[in-house]
Structures are given as C-alpha cells and as structure tokens.
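In what follows, a structure is listed as structure tokens, so that the remarks can point back to it.
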Amino acid sequence: MRKTVVLLFVLFITFSCGHTIADDDIAKLNGYWEIQEAIMADGTKKDYTINPTIDYFELKGKTGFRKKVMPQFDGTYRVNDLSEKIEVVQEDGKTFIKYTTEYAKWKEQIIDINDQELMLKNEHDLEYHYIKPKPFSVK
C-alpha cells in the first residue's frame, strides 16, 4: 500500500510540472507554421481547412519576430511591414513566447514542438495546433 501511495505521488508530481522545452527545440520555431485547429477552453474544436495567412517566426537566440504572410499560387508568400516582436522565456518551468506590438503585450505557452508540429496555449486556455505548411504551386 505504501509503495502505491509513493508511486501515485511521484506520478502526480511528474505530470503536474509540465513539459519543459529544450533550447534545441526552440530553434524549431523558426520558419512557417500553418494553423490546423484551435481547441477552446470548453473542449470544442475549430478546424482551419483554408488559411489565408500563415505565421512566419524568425528567432536569433531567444528574440525575434512573428509575421503573418499570405501564400500565393506560385508558391511564394506575400508579406507586409507588420510584425510582432517576440521573446522566448522560461517561467515556472514552462516555456512562453512573449509578444509585443505597439498596441499590446501577451504571451502563449509552448506546449509541444517538433519538426512538423507546434502546439501553443494562450492565457485564456485556447490551444492552437500548427503544422508545417506543404508547398504548393499551380505553375
């Protein structure tokens, strides 16, 4: 019985501490990310089947920017001069992207990241699931 209680305690601590994102994984944020779905705080899902914009992240170390870019039929992206300053920070064992614009500041937690998928959660418990976009062209 005592071993079971200890095991349950260890499991609780392990799962409640959150997933730490390694520095090597932060570099994977660089590049293009297309939103695939959003999961609301109540568990409802919104699928994004057609995206007029894609997020482009560029980091040097732990600072950089995010831009919204528009994919074109020739496989290129149309961009404008608008961007958000970003900084990747560690707080309480969790990894966050802090965004700053002229008008607002906010942050999103990086829940998971690999070469093909990115999951972020904002301060309102909305989860955003991204994938690397597939290049396309109608040439």
Side-chain angles (χ1 to χ4, degrees):
M1 176 71 178
R2 186 175 184 156
K3 288 181 184 179
T4 304
V5 171
V6 171
L7 178 61
L8 288 173
F9 179 75
V10 170
L11 288 173
F12 173 77
I13 296 298
T14 301
F15 288 111
S16 66
C17 290
H19 175 66
T20 303
I21 305 297
D23 285 345
D24 291 344
D25 290 331
I26 292 170
K28 295 175 184 173
L29 190 60
N30 282 309
Y32 298 95
W33 291 97
E34 180 177 15
I35 190 163
Q36 185 176 39
E37 73 176 355
I39 302 174
M40 309 307 159
D42 67 1
T44 58
K45 292 183 182 181
K46 178 180 180 182
D47 291 324
Y48 290 84
T49 54
I50 298 174
N51 294 308
T53 62
I54 291 175
D55 289 1
Y56 174 76
F57 289 88
E58 187 173 306
L59 285 172
K60 289 186 174 40
K62 293 190 178 185
T63 60
F65 65 89
R66 177 177 79 168
K67 272 186 175 283
K68 300 286 186 180
V69 300
M70 293 166 277
Q72 304 299 298
F73 288 114
D74 64 359
T76 62
Y77 295 98
R78 191 168 71 191
V79 300
N80 58 31
D81 292 334
L82 300 175
S83 66
E84 301 152 348
K85 293 179 185 176
I86 61 172
E87 179 183 11
V88 177
V89 298
Q90 300 284 334
E91 293 178 0
D92 300 322
K94 299 176 182 176
T95 305
F96 293 90
I97 302 171
K98 286 189 169 184
Y99 300 88
T100 305
T101 70
E102 184 177 337
Y103 307 104
K105 293 181 180 185
W106 69 98
K107 67 182 178 180
E108 295 175 326
Q109 182 184 355
I110 301 174
I111 303 297
D112 197 18
I113 187 168
N114 60 48
D115 292 329
Q116 296 300 315
E117 298 176 340
L118 169 65
M119 187 181 356
L120 302 175
K121 183 184 261 189
N122 74 11
E123 295 164 322
H124 304 288
D125 286 333
L126 272 75
E127 280 186 16
Y128 298 99
H129 295 247
Y130 293 84
I131 57 171
K132 286 288 187 178
K134 305 231 183 317
F136 67 93
S137 177
V138 291
K139 287 184 181 181

Output all residues satisfying side-chain hydrogen bond (donor to acceptor under 3.5 Å, both in side chains) with Asp24, sequence neighbours left out; order by chain, then residue number.
none
Treating Gln72 as the side-chain partner and Met70 as the backbone partner, does any N or O pair qualify as donor plus acceptor under 3.5 Å?
yes
Can you list everything that forms a side-chain hydrogen bond (donor to acceptor under 3.5 Å, both in side chains) with Thr49? Sequence neighbours excluded, please.
none
Give me each pair satisfying side-chain hydrogen bond (donor to acceptor under 3.5 Å, both in side chains) with a member in residues 36-46, each pair once, sequence neighbours excluded.
Asp42-Thr44
Joint hydrophobic cluster, Phe65 plus Val79, side-chain heavy atoms closer than 4.5 Å:
yes
Those residues at least two apart in sequence (or on a different chain) that pass ring-ring contact (aromatic ring centres under 6.0 Å, His included) with Tyr77 are Tyr32
Results of side-chain hydrogen bond (donor to acceptor under 3.5 Å, both in side chains) for Glu102 - residues two or more places apart only
none
Gap between atom CD of Gln109 and atom CG of Asn122 - 0.5 Å precision:
10.5 Å
Tell me, please, which residues at least two apart from Glu127 pass side chain to side chain contact (heavy atoms under 4.5 Å, CB included).
Ile39, Met119, Lys121, His129
Hey, any chance Leu126 and Ile97 share a hydrophobic cluster, counting ILVMFWY side chains that come within less than 4.5 Å of each other, even indirectly?
yes
What residues, two or more places apart in sequence or in another chain, satisfy side chain to side chain contact (heavy atoms under 4.5 Å, CB included) together with Asp115?
Lys28
Are Val88 and Ile21 side-chain neighbours, meaning at least one heavy-atom pair lies under 4.5 Å?
no
Value for CG (Leu118) from CG (Asp112), rounded to nearest 0.5 Å, stands at 8.5 Å
Report whether Ile26 and Ile113 are members of the same hydrophobic cluster (ILVMFWY, side-chain heavy atoms less than 4.5 Å apart, transitive linking).
yes
Residue pairs, two or more places apart or on separate chains, that pass salt bridge (Lys or Arg N to Asp or Glu O under 4.0 Å) and touch residues 77-89
Arg66-Glu84
With sequence neighbours excluded, tell me which residues meet side-chain hydrogen bond (donor to acceptor under 3.5 Å, both in side chains) with Lys132.
none
Taking only residues two or more places apart in sequence, or in another chain, which ones meet Asn51 in a side chain to side chain contact (heavy atoms under 4.5 Å, CB included)?
Glu34, Ile35, Tyr48
Can you find a pair of side-chain heavy atoms, one from Leu120 and one from Ile110, that are under 4.5 Å apart?
yes
Non-neighbouring partners of Lys107 that pass side chain to side chain contact (heavy atoms under 4.5 Å, CB included), sequence neighbours left out:
Glu91, Phe96, Lys98, Glu123
Does any part of the side chain of Ile54, heavy atoms only, come nearer than 4.5 Å to the side chain of Tyr56, both counted from C-beta?
no
Residues in ring-ring contact (aromatic ring centres under 6.0 Å, His included) with Tyr99, at least two apart?
Trp106
Less than 4.5 Å apart, side chain to side chain, heavy atoms only: is that true for Lys68 and Leu82?
no
What are the two closest non-hydrogen atoms of Pro71 and Pro52, and how far apart are they?
CD-O, 3.5 Å
